[in-house]
J.: 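Quick one: the structure is below, questions incoming.
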There are 2 protein chains.
Amino acid sequence: MTLSEEQRSLIEEFGIYQENNGFQPAVARVMGLLLVSDRPELTFDEISETLSISKSATSNSLNMLLNTGHIEYTTFSGDRKRYFRIKSSNWRELFAKKMEDLSYLNSLLKRVLEVRKRENPIYDTKLNDFISFLDYMKAQMPRLIDEWEKSRA
Amino acid sequence: MTLSEEQRSLIEEFGIYQENNGFQPAVARVMGLLLVSDRPELTFDEISETLSISKSATSNSLNMLLNTGHIEYTTFSGDRKRYFRIKSSNWRELFAKKMEDLSYLNSLLKRVLEVRKRENPIYDTKLNDFISFLDYMKAQMPRLIDEWEKSRA
DNA sequence: ATTTTAGTTCTGTAAATTATGAACTAATGA
DNA sequence: TCATTAGTTCATAATTTACAGAACTAAAAT
């Protein structure tokens with residue numbers, strides 16, 4: 001596995017981005033590598049060697065990504081290796097998860113309004129606005145996806 | 001500052017949510033407290049004492065939240081204390097920042113497509129879909145906000 | 001003038017996270 | 001049957017983070 005300078009730096013930039021999204025450094029680099037490599041499917045050893053991370057870190061990263069549904073693998077008969085690749089079909093699911101996350105936030109904010117006893121209800125209007133907006137977003141999301149699909153048909 | 005059990009647990013739940021968004025624990029608790037407390041404006045000492053965090057952690061948290069635009073403070077003449085409160089007017093800005101974040105991801109993904117040389121271009125279509133969807137989302141967001149505003153007028 | 005207030009900054013450290021390397025396992029191949 | 005491959009697991013090392021506590025500062029109050 002040989003990578004261009006651009007590929008290497010993209011792995012790092014993407015890696016840092018994903019670290020900020022809560023992934024551990026090595027995990028984020030593995031995702032980056034699978035994303036930018038010329039070959040879409042890589043083996044355990046290729047990943048470990050190309051990124052210079054230990055076998056244990058590689059094992060841990062791959063299992064983490066398998067469990068969270070970010071990657072998958074194929075095998076070929078007469079070849080014991082697994083070939084790992086990004087599960088690129090699932091960006092919709094990941095997007096849905098982000099939306100779920102916003103839903104949870106919204107439920108927390110609704111509880112906040114119930115629980116706190118503000119003298120002046122003016123303080124509640126902005127929060128109500130945000131809650132309302134999140135509800136609206138969630139409701140409109142299916143339509144938005146639909147329209148996007150039509151727009152490119 | 002006395003809080004109900006519900007308020008306390010909401011602070012923790014919101015705190016954990018915000019930890020997952022990359023905030024440090026103490027910072028996340030300060031946001032939570034300012035969100036759920038009956039009085040919308042609290043002093044340094046009230047925050048420190050209510051949450052049982054040290055003055056240094058309180059100072060650090062408040063400055064962090066001031067710098068990132070999450071809170072602000074008022075003062076009253078003849079009173080040296082600052083009264084901190086959530087900058088609730090700015091959820092639009094925060095939302096805009098999230099969108100910026102997605103924009104950055106999108107720019108990375110576009111570079112990925114340019115840089116990697118996949119034998120079979122079929123591997124690029126899913127990624128192109130996602131890129132296209134993110135572009136669409138970004139473009140439609142102002143309209144969506146607009147429609148939401150009209151819907152509640 | 002000095003004491004109090006309202007914080008800030010600095011140093012040390014406990015705890016958590018992340019990764020390494022070595023030992024291990026289970027399956028395959030020679 | 002023995003060696004090799006393709007990983008996994010475990011103990012531990014290194015790094016990072018998050019916070020406490022004490023010393024400090026600048027303005028205001030007495």
Side-chain angles (χ1 to χ4, degrees), chain A residues 1 8 11-12 14-34 37 39 41-68 70-85, chain B residues 1 11-12 14-34 39 41-68 70-85:
Chain A
M1 270 294 334
R8 293 229 170 254
I11 290 172
E12 289 312 309
F14 182 80
I16 288 168
Y17 178 82
Q18 289 294 51
E19 280 185 55
N20 291 332
N21 275 309
F23 291 91
Q24 351 181 300
V27 174
R29 300 305 181 283
V30 170
M31 291 187 75
L33 173 58
L34 291 175
S37 76
R39 261 184 307 127
E41 290 164 351
L42 303 178
T43 67
F44 187 103
D45 281 335
E46 284 174 326
I47 293 165
S48 173
E49 281 161 26
T50 309
L51 294 176
S52 309
I53 55 181
S54 67
K55 297 212 305 169
S56 50
T58 305
S59 176
N60 165 61
S61 296
L62 289 172
N63 286 321
M64 182 132 294
L65 290 170
L66 285 169
N67 287 332
T68 53
H70 288 89
I71 65 172
E72 60 191 354
Y73 64 85
T74 21
T75 50
F76 301 96
S77 67
D79 184 349
R80 248 205 294 169
K81 292 189 191 85
R82 290 182 291 174
Y83 292 78
F84 299 94
R85 64 165 173 248
Chain B
M1 269 295 332
I11 290 172
E12 290 312 309
F14 181 81
I16 288 168
Y17 178 82
Q18 290 294 50
E19 280 183 54
N20 291 333
N21 276 310
F23 291 91
Q24 344 181 305
V27 175
R29 299 307 178 282
V30 171
M31 291 184 76
L33 172 58
L34 290 175
R39 261 184 306 127
E41 290 164 350
L42 303 179
T43 67
F44 187 104
D45 282 335
E46 283 173 326
I47 293 164
S48 173
E49 281 162 26
T50 308
L51 295 175
S52 308
I53 57 181
S54 67
K55 295 212 307 171
S56 51
T58 306
S59 175
N60 165 60
S61 296
L62 289 171
N63 286 319
M64 181 133 295
L65 290 170
L66 284 169
N67 287 332
T68 53
H70 287 88
I71 64 170
E72 59 192 355
Y73 63 85
T74 20
T75 49
F76 301 96
S77 66
D79 184 348
R80 255 205 289 168
K81 292 190 193 81
R82 292 182 289 175
Y83 292 79
F84 298 94
R85 62 166 173 246

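Numbered from 1 within each chain, the chains take letters A, B, ... in sequence-line order.
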J.: Mind jotting down which residue pairs meet the salt bridge (charged side-chain N to carboxylate O under 4.0 Å, His left out) criterion with at least one end in residues 41-58 of chain B? Sequence neighbours excluded, please.
T.: R39(B)-E46(B), E41(B)-R85(B)
J.: Of all residues at least two apart in sequence or in a different chain, which pass the side-chain contact (heavy atoms from CB on, under 4.5 Å) check with L66(B)?
T.: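 Testing L66(B) for side-chain contact (heavy atoms from CB on, under 4.5 Å), a comparison that skips the adjacent residues, returns N63(B), I71(B), Y73(B), R82(B), F84(B).
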J.: Which part of the nucleic acid, if any, lies within contact of S61(B), taking any heavy atom under 4.0 Å across all strands shown: a base, the sugar-phosphate backbone alone, or nothing?
T.: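 Counting heavy atoms under 4.0 Å across all strands, no contact is made by S61(B).
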J.: Please find the pair of heavy atoms, one from T68(A) and one from L65(A), that lie closest to each other, and give the distance.
T.: OG1-O, 3.3 Å
J.: Report yes if some heavy atom in the side chain of N20(B) is under 4.5 Å from a heavy atom in the side chain of I16(B); otherwise report no.
T.: yes
J.: Return the CE to OG distance between M31(B) and S61(B), rounded to the nearest 0.5 Å.
T.: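 Answer for the CE-OG pair, M31(B) versus S61(B), is 11.0 Å.
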J.: Mind checking K55(A) for me? I need base, sugar-phosphate or nothing, with any heavy atom below 4.0 Å counting as a touch.
T.: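 The residue K55(A) makes base contact.
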J.: Report the residues that fulfil side-chain contact (heavy atoms from CB on, under 4.5 Å) with M64(B), sequence neighbours left out, ordered by chain and then residue number.
T.: V27(B), N60(B)
J.: Does dT8(C) have its OP1 or OP2 closer than 4.0 Å to a side-chain nitrogen or oxygen of N63(B)?
T.: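 Checking N63(B) against dT8(C): at least one side-chain N or O falls below 4.0 Å of OP1 or OP2.
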J.: Please find the pair of heavy atoms, one from F23(A) and one from A28(A), that lie closest to each other, and give the distance.
T.: CB-CB, 4.3 Å
J.: Give one of base, sugar-phosphate or nothing for A57(B), where a contact means two heavy atoms less than 4.0 Å apart.
T.: sugar-phosphate
J.: Write out all pairs satisfying salt bridge (charged side-chain N to carboxylate O under 4.0 Å, His left out) with one or both partners inside residues 17-29 of chain A, taking only residues at least two apart or from two chains.
T.: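 Those involving residues 17-29 of chain A are E12(A)-R29(A), E19(A)-R29(A).
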J.: For S48(B) and I53(B), which heavy atoms make the closest approach, and how far apart are they?
T.: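 Nearest pair, atom of S48(B) first, then I53(B): OG-O, 2.7 Å.
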J.: For S37(A), check side-chain contact (heavy atoms from CB on, under 4.5 Å) against everything at least two apart and list the hits.
T.: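 Scan of S37(A) (side-chain contact (heavy atoms from CB on, under 4.5 Å), adjacent residues dropped) gives M1(A), L33(A), L42(A), R118(B).
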J.: Is the shortest heavy-atom distance from the side chain of I47(A) to the side chain of L34(A) under 4.5 Å?
T.: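 Yes, at least one pair of side-chain atoms sits under 4.5 Å.
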J.: With sequence neighbours excluded, tell me which residues meet side-chain contact (heavy atoms from CB on, under 4.5 Å) with N67(A).
T.: none
J.: Can you tell me how far the CZ atom of F44(B) sits from the CG atom of L62(B), to the nearest 0.5 Å?
T.: 6.5 Å
J.: Do Y83(A) and T43(A) have side chains that approach each other closer than 4.5 Å (heavy atoms only, starting at C-beta)?
T.: yes
J.: In whole Å, I'd like the distance from the CG atom of N60(B) to the P atom of dT8(C).
T.: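 To the nearest whole Å, that distance equals 10 Å.
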J.: I need the residues from residues 42-51 of chain B with at least one non-hydrogen atom less than 4.0 Å from DNA chain D; give them sorted by number, or say none.
T.: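 Under 4.0 Å from DNA chain D: no residue of residues 42-51 of chain B.
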J.: Would you say dA19(C) has OP1 or OP2 under 4.0 Å from some side-chain N or O of R29(A)?
T.: no
J.: What are the atom names and distances for every N/O pair under 3.5 Å that joins the protein to nucleotides 27-30 of chain C?
T.:
from	atom 1	to	atom 2	distance (Å)
dA27(C)	N3	R80(A)	NH1	3.1

J.: Could you check whether I53(B) gets within reach of a base, just the sugar-phosphate, or nothing at all, counting any heavy atom under 4.0 Å?
T.: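 Here I53(B) touches the backbone only, sparing every base.
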J.: Contact list please: residues 17-25 of chain B against DNA chain D, heavy atoms, distance less than 4.0 Å, in numerical order.
T.: Q24(B), P25(B)
J.: Just the table, please: protein N/O against nucleotides 10-14 of chain C N/O, every pair under 3.5 Å.
T.:
none

J.: Reading DNA chain D from 5' to 3', where do the contacts with chain B start and stop? Cut-off is 4.0 Å to heavy atoms.
T.: dA18(D) to dA28(D)
J.: Taking DNA chain D as the partner, which of residues 70-77 of chain B come within under 4.0 angstrom of it by heavy atom?
T.: none
